[in-house]
Structures are given as structure tokens and as C-alpha cells.
Amino acid sequence: MRKFVLIPVLVALVGTIAPASAHPGHDRPKITVFRFLQPPLRAGIDEVLKVVAHDPNSWISEIQVRWEDAAGDGGIVFAHTYCLQDPDFSDPGTPAKLKIPIRFDHPGRYHIEARAISSRRCLGGDGQQT
């Protein structure tokens, strides 16, 4: 008798398990990869920063990268993905993968940060999250 009771309980539990996310553990936009392709970095040439961003419920529409040295000199790059990772809006949560050139004008220490912005329909102003 125990076998008959256990099987329906197991079937009910399996039916309630949610599918695993490709980038689990977050419910807002998140940068999951942030690294330079050719370390060590050198001043005076374009270096390439690889950024992968993911929003499990939407689409990444923009990546912003800001860097500055101790004197506050640096720049900001706005990499717009728009709807390139999913033009038909058929698969929310598709990661946006970018390679962004950054130029460090002189040797030294730099502070680098990035933000990912997502939109429900890959259009600016439409439910954006950062």
C-alpha cells in the first residue's frame, strides 16, 4: 500500500518544480561576464572588454561602461543592443553578448564599472530596469 501512495506524491512534486534558468539566482538585469580579452592591459591601444548581460524576464537594451583613473579622467561607452539578441521578442532572458573597445590613455590604476539596462520590448522608456 505504501508504494501506491508514494508514486502519486512523487508525480505531484515533479509537476511543481520550475524549469532551471540559464543564469540562475537573480530576477533583475545582471552582468554575468565582465573581462578583458587580452590581459595584461596596455595604455595607448584599444583593449576589448567582453560583457555578457542577462535579464531572465526581459531583454537587455543597453550596456554602459564607465572607467576613470585617480584624477577622474576616463570615459563612458554606451553599447546599445536594442533587439539584436531576440528580434521577434519570442525568448525573454536571451543573454546579450558584447565586445566593447576601451582605450586607456596612460598607464595607472583605473576604476571600471558597468551597468545593464533592460526593457520589456527592447524600446527605450518601456519598463526599463538597471
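Everything quoted here is computed from the prediction, not taken from an experiment.
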Nearest heavy atoms of [X] and [Y], plus distance in Å:
| X | Y | answer |
| --- | --- | --- |
| Ala114 | Phe34 | CB-CE1, 3.5 Å |
| Arg28 | Pro56 | O-CD, 3.9 Å |
| Gly108 | Tyr110 | O-CD1, 3.6 Å |

Review point. With Ala53, which residues qualify under side chain to side chain contact (heavy atoms under 4.5 Å, CB included), at least two apart?
Key: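 Listed in chain order: Ile31, Ile60, Ile63, Ala116.
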Exercise for review: Using side chain to side chain contact (heavy atoms under 4.5 Å, CB included) as the criterion, list what pairs up with Arg35, not counting sequence neighbours.
Suggested key: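 For Arg35, the residues satisfying side chain to side chain contact (heavy atoms under 4.5 Å, CB included) (neighbours in sequence not counted) are Val33, Leu37, Lys50.
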Which value, rounded to the nearest 0.5 Å, describes the distance between [X] atom [atom1] and [Y] atom [atom2]?
| X | Y | atom1 | atom2 | result |
| --- | --- | --- | --- | --- |
| Leu49 | Gln38 | CG | CD | 13.0 Å |
| Glu113 | Gln64 | CD | CD | 9.5 Å |
| Leu41 | Arg103 | CG | CZ | 13.5 Å |
| Ile117 | His80 | CD1 | NE2 | 8.5 Å |
| Thr94 | Asp55 | OG1 | CG | 10.5 Å |

Check your understanding: Linking I/L/V/M/F/W/Y whenever any side-chain heavy atoms sit under 4.5 Å apart, do Phe36 and Val77 land together?
Key ->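 Yes, same cluster.
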Exercise for review: Could you list the residues that satisfy side-chain hydrogen bond (donor to acceptor under 3.5 Å, both in side chains) with Glu47, not counting sequence neighbours?
Suggested key: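 For Glu47, no residue satisfies side-chain hydrogen bond (donor to acceptor under 3.5 Å, both in side chains) once neighbours in sequence are set aside.
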Donor-acceptor pairs under 3.5 angstrom involving side-chain atoms of residues 65-74: please list them, not counting sequence neighbours.
from  : atom 1 : to     : atom 2 : distance (Å)
Arg66 : NH2    : Glu68  : OE1    : 3.1
Asp69 : OD1    : Ala71  : N      : 3.0
Asp69 : OD1    : Gly72  : N      : 3.1
Asp69 : OD1    : Asp73  : N      : 2.8
Asp69 : OD2    : His106 : NE2    : 2.5

Point to revise | Pairwise side-chain contact, Asp46 with Phe104, heavy-atom cut-off 4.5 Å (strictly under) | key: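 Not in contact.
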Review point. Is the shortest heavy-atom distance from the side chain of Trp59 to the side chain of Pro92 under 4.5 Å?
Key: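 SC-SC contact between Trp59 and Pro92 confirmed.
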Point to revise | Residues in salt bridge (charged side-chain N to carboxylate O under 4.0 Å, His left out) contact with Asp91, at least two apart in sequence or another chain | key: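 Partners of Asp91 by the salt bridge (charged side-chain N to carboxylate O under 4.0 Å, His left out) criterion come out as none, since no residue qualifies.
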Practice item. In sequence, state the C-alpha distance, the side-chain angles, and the governing distance for Ile100 and Val48, and then conclude on side-chain contact (heavy atoms from CB on, under 4.5 Å). Key: CA-CA 5 Å; Ile100 303 169; Val48 178; over 6 Å; no
